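This report concerns only the one structure given below.
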Amino acid sequence: MKKLRYLPNVVTLEFDKKKCTGCGRCIEVCPHGVWQMKDKRAALVDKNSCIECGACAKNCRYFAIEVQAGVGCAAAVINGMRGKGEICGCETTKDGKTVSTGCC
Amino acid sequence: MKIEKIQPVMTPDCCSAPSSILSKPAPPNLDPLKGYRQPASNVFSSEIFVKEMVDTPIGQVPRVESAFTRVDRRGALRSRIGAFRMHYAVTPGVYALGRPGQKSPVLVTANYKLSFDHLRSRLPHTDAWILVLDTKGINVWCAAGKGTFGTQELINRVLGAQLGNLVEHRKLIVPQLGAPGISAHHVEKETGFRVVFGPVEARDLPAFLDGGQKATPQMRRKEFPLRERAVLIPIELLPALRAMIPLSIILFVLSGLASTSGYLESALNFGPRAVLGVLFATIAGAVLVPLALPFLPGRAFSVKGLWAGLLFALPFVFLTGIDLGIWPGRLEAAAWFLFIPAVSAYLAMKFTGASTYTSVSGVRKEIRWALPLELGGAAFGLLMLFASYLVG
């Protein structure tokens, strides 16, 4: 099956190759093959597959990676626009009432 | 050693305790890891999947087996349907899978019952410790995105349970999909335990453990196969129906105005079709889209939903007895051609949350242009439908 791909050229992922030491953590944590090892350094090989989960940035101890992490969930974004907080239905709401529907 | 009764909700401390104070018994009120201690054995007495309590250097630990019981299966189904899902949580803490010892691996997971069950069911011949984090009953990936499957929670659990006294190695196997919440180097600095990210799918764990805890590139990818998309259908369909059933009733009531041949006759003539139209739109967006996701054209989910809606609108308009020879009929047909794809596109867009490959930047971009069109399309379609009833 061909690889599922979402909208191209939108993600906020930034990589500063000068800070990379080639530890390989980003390659280990990325669930979409965005990174590969090239010449003993990480390389962004498939930026458009990035889902902005933030795993690589959070696990880069050399601060070579930056991304505005978030969850690609329309319900959460719409709830955020309506001022209800970015919740997608699978967590506790502000007033402590639990919501029982959602993606996860 | 006195063990604190577990508190379901606690505030994590801003700074973790240095490991030196863990060796001394701290007064209960001043225990910075209160709530993160291994719970007393009576806490587990209600957990039906616990076989027995076993004695370990860190106190009594509940033992579980890989094999599944019928009660587990029924619970899994209930959780999928959405009923009681918030109550379907496992008590956080250390569990023994099989007969683990000092050299056995430590596997970290969330306290969502399905995650926990999935993990143990995939490890039939394995002896391991399972460290369950408190993610408020939410699965690893979603909880990592929210930060509850997080660095501080993991640090507190490792220190609170005194994991260092349980195993002689210093390694934690964390599911790769937990990485958005876990900063491995911080965990290592605070606990002395090195984080190894395990495979994305629990089914690859036996191969991962046997292969020297190395994951192949394939084990590191999150796919979105048909089976996974199909199990999400009830979670998409049920909330959609909750909104669509009242709409169907309203349409049924209004369809009584559709002709001059008496209210009831008219309602029975036009009402069922209106209800069916709403149902078609819902099924297109909440069933066909998940099933046919890779085959529907377009990158944006709304576009995929639009095509699914058109696919359902075509037979609906031509096969449900709309009289296309007269203007009210043509107006009604046009109304459904607008309403069904618009609703389907909206429901498809909501499926971004359950999908495994969307980014929040992409979703924001999609919502900006698609949401007004979807809401406008559905509203305008309904207006045209009412108009067709009134001119009929």
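This structure is a prediction, so every number in the text was calculated from the model and none was measured. Throughout, a chain's letter reflects where its sequence line sits, starting with A, and its residues are numbered from 1.
When the candidates B:T151, B:V195, B:V174 are compared by the number of heavy-atom contacts under 4.5 Å with chain A, B:V195 comes out ahead.
Contact annotation: the side chain of B:F197 approaches that of A:R25 to within less than 4.5 Å [non-hydrogen atoms, C-beta and beyond]. Side-chain atoms of A:V77 and B:V363, non-hydrogen and from C-beta on, do get closer than 4.5 Å to each other. In this structure the side chain of A:Y6 reaches within 4.5 angstrom of the side chain of B:S359, judged on heavy atoms. No side-chain heavy atom of A:K58 sits less than 4.5 Å from a side-chain heavy atom of B:I182. With contacts defined as side-chain heavy-atom distances shorter than 4.5 Å, the pair A:E28/B:Q176 does not qualify. When side chains are defined from C-beta on, A:I78 counts as touching B:I367, because their heavy atoms get closer than 4.5 Å. Using a 4.5 Å cut-off on side-chain heavy atoms (C-beta onward), A:P31 and B:R221 make no contact. Looking only at side-chain heavy atoms (C-beta outward), B:R220 and A:V29 stay at 4.5 Å or farther from each other.
In this structure, CZ on B:R229 lies 6.5 Å from CG on A:L4, to the nearest 0.5 angstrom. Atom OG of B:S361 and atom CG of A:L13 lie 10.0 Å apart (nearest 0.5 Å).
At a 4.5 Å heavy-atom cutoff, the contact between B:F301 and chain A is made by backbone and side-chain atoms alike. In this structure, no portion of A:C56 lies under 4.5 Å from any heavy atom of chain B. Heavy atoms of B:A215 lying under 4.5 Å from chain A are absent altogether. Only the side chain of B:E188 comes within less than 4.5 Å of a heavy atom of chain A; its backbone N, CA, C and O stay farther away.
Between the side chain of B:T358 and the main chain of A:G72, a donor-acceptor pair closer than 3.5 Å is present.
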